[in-house]
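See structure below.
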Amino acid sequence: MAGRQDYISVQELDFDQQAEYQALIRDNPGDGAVVTFTGLVRNQNQGKRILSLTLEHYPAMTKKSLEQIVQQARSRWPLGRVRLIHRIGRLELGQQIVFVGVSSTHRQAAFEACEYIMDYLKTRAPFWKKEQTEEGDHWVEARDSDHHQAGRW
Amino acid sequence: MAGRQDYISVQELDFDQQAEYQALIRDNPGDGAVVTFTGLVRNQNQGKRILSLTLEHYPAMTKKSLEQIVQQARSRWPLGRVRLIHRIGRLELGQQIVFVGVSSTHRQAAFEACEYIMDYLKTRAPFWKKEQTEEGDHWVEARDSDHHQAGRW
Amino acid sequence: MIRVLFFAQLREVLHCHELSLAGPFNDVAALRNELMSRGEPWQEFLQPGKALVAVNQTLEEDSRELKSGDEVAFFPPVTGG
Amino acid sequence: MIRVLFFAQLREVLHCHELSLAGPFNDVAALRNELMSRGEPWQEFLQPGKALVAVNQTLEEDSRELKSGDEVAFFPPVTGG
């Protein structure tokens, strides 16, 4: 079950890696493993040079879908704390897009749950990226490999 | 090949999560994915309450074995930067033991390489933990599950 | 009444973010057919393979039954993360 | 000469961190047998399943050949991380 150990946020503001890590470990003496994933705007995608991204979402659905994904992860692995942040709006090259942090007693649960959350977020959470390139703007196409990865679990 | 993009350290000093994360992303516009693992001293292990740990190692071999593990990971996945820090000496409850950080263009390589490095570190790098408990000190026994996990790759 | 929402590329090519339809529609398939019958670009961009659907903010299949008051959203495969 | 090192629990139960043996030893198995022939606790704690071996700081099997100047380390299964 998703519960008070979860923090889920959809926001325009940037997030702070150190603050997120501290929130995962502070007063948490039972968890020996912390895995984090951070996604950033990189300078190229599918062969095109990227200047910036704009992230659109479906506000009424976004947080609900992220909560469901975290809940599914909790039903599969014994997890301590889960923190999931997804940014929206315009993001420049090198900026942070998404953070997933998971703590657990042992490392395997933390690794697998963190990767599972990202795989499902990539295929089920209602976010869409529009890329700004030197040749103009265009919507990012979904990658088959993301569906393949989510299908593994 | 392990190369100048790798940072590997065996040290008594603590490390700083934020500094490690910054070192993975700074001036690195090609990598969109960063995965980190942090291992901490937790309050119980194999049913015993832990007060602290002492980490012994084989100095002449430790760094060499970590470099080999990172090199093997690089031969299997397209990785950007890799940072691996393992502490030695006496560590109190809640303190950080080990850090692995990996950047890559896409998330799957970063997740898999980070987990691979931890699995091999757990079975091939010459570190030994002695636990201090209320009932006295004892050497930690190797876990079969660690060998099982390393055998997956 | 069914509230219908469109997002991302779909919102742009249809020049429409939101509309209300009186219905009734038995299921998502019936609603999708009604929208696709409006001709291009609706016909092309609302094909089941191209447009996912959520009912009341949960991803659903076309067989999902609809009732008055439901919120139905069509959108392209998601690309967050 | 072969330099032999012991670590962790092995160092403690053998009351020995380091020793030098003149040899020669054909391989790790020959060296291990020589050490185990010293009786307890050597016999028990140097069994192949209980003590891993590294030659010149690299994990090896007992079939690894030895030459003068090699550094051979015996230690329990590792527990870092």
Side-chain angles (χ1 to χ4, degrees), chain A residues 16-22 24-45 49-51 53 80 92-108 110-119 121-122 129 143 145-146 148-149 152, chain B residues 16-22 24-45 49-51 53 80 92-108 110-119 121-122 129 143 145-146 148-149 152:
Chain A
D16 179 57
Q17 183 84 7
Q18 179 70 358
E20 294 310 314
Y21 175 67
Q22 286 299 326
L24 288 164
I25 67 168
R26 190 183 302 121
D27 301 325
N28 186 13
D31 285 343
V34 174
V35 174
T36 74
F37 173 83
T38 313
L40 306 114
V41 182
R42 63 173 187 279
N43 60 8
Q44 62 89 24
N45 189 30
R49 190 157 189 82
I50 306 305
L51 305 173
L53 286 183
E92 305 297 325
L93 180 60
Q95 285 199 294
Q96 300 180 130
I97 305 169
V98 60
F99 176 87
V100 183
V102 176
S103 75
S104 187
T105 313
H106 294 293
R107 75 186 184 286
Q108 195 179 1
F111 270 116
E112 292 185 357
C114 190
E115 194 169 6
Y116 174 96
I117 288 168
M118 275 309 300
D119 284 354
L121 186 158
K122 284 263 182 185
K129 286 194 189 102
R143 296 168 69 213
S145 62
D146 286 328
H148 176 73
Q149 282 174 234
R152 293 178 302 170
Chain B
D16 178 57
Q17 185 83 6
Q18 179 69 358
E20 294 310 314
Y21 175 68
Q22 285 299 326
L24 289 164
I25 66 167
R26 190 184 302 121
D27 301 326
N28 186 12
D31 285 343
V34 174
V35 174
T36 74
F37 173 83
T38 314
L40 305 115
V41 182
R42 64 173 186 278
N43 59 7
Q44 62 90 24
N45 188 30
R49 190 157 187 83
I50 306 306
L51 304 174
L53 286 183
E92 305 298 325
L93 180 60
Q95 286 199 291
Q96 301 181 127
I97 305 168
V98 59
F99 175 86
V100 183
V102 176
S103 76
S104 187
T105 313
H106 294 292
R107 74 186 184 285
Q108 194 178 4
F111 269 115
E112 292 185 357
C114 190
E115 194 170 7
Y116 174 97
I117 289 168
M118 276 308 302
D119 284 354
L121 187 157
K122 284 264 183 184
K129 287 195 189 103
R143 297 169 68 213
S145 62
D146 285 330
H148 175 72
Q149 283 175 233
R152 293 176 302 169

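The sequence lines fix the lettering, A, B, ..., with proteins before strands; numbering per chain opens at 1. Only this structure's heavy atoms are used, side chains among them; waters, hydrogens and symmetry mates stay out.
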Closest-packed option against chain B by number of heavy-atom pairs under 4.5 Å, given Val98(A), Asp119(A), Val100(A), Asn28(A): Asp119(A)

In chain order, what residues pass the side-chain hydrogen bond (donor to acceptor under 3.5 Å, both in side chains) check against Gln44(A), with sequence neighbours excluded? none

Which bit of Thr105(A) comes within less than 4.5 Å of chain B, counting heavy atoms only: side chain, backbone, both or neither? both

One option among Gln18(A), Arg107(A), His106(A) has the most heavy-atom pairs under 4.5 Å with chain B, and it is Arg107(A)

For chain A, find which of Glu112(B), Glu115(B), Gln22(B), Lys122(B) contributes the most heavy-atom pairs closer than 4.5 angstrom. Glu115(B)

Contacting region of Arg152(B) [heavy-atom separation from chain A under 4.5 Å]: side chain

With chain A, the option among Val35(B), Leu93(B), Thr38(B), Val41(B) that has the most non-hydrogen atom pairs under 4.5 Å is Thr38(B)

Engaged part of Arg143(A) at the chain B interface, taking heavy atoms whose separation is under 4.5 Å: side chain

Find out whether Leu40(B) and Asp31(A) are in side-chain contact, i.e. whether some heavy atom of one side chain is under 4.5 Å from a heavy atom of the other. no

Sorted by chain and number, sequence neighbours left out, side-chain contact (heavy atoms from CB on, under 4.5 Å) with Asn45(A) holds for Arg42(A), Ile50(A), Glu131(A), Val140(A)

In terms of heavy-atom pairs under 4.5 Å, which option from Gly39(A), Gly94(A), Gly30(A) contacts chain B the most? Gly30(A)

To the nearest 0.5 Å, tell me how far Gln96(B) CD sits from Tyr21(A) OH. 3.5 Å

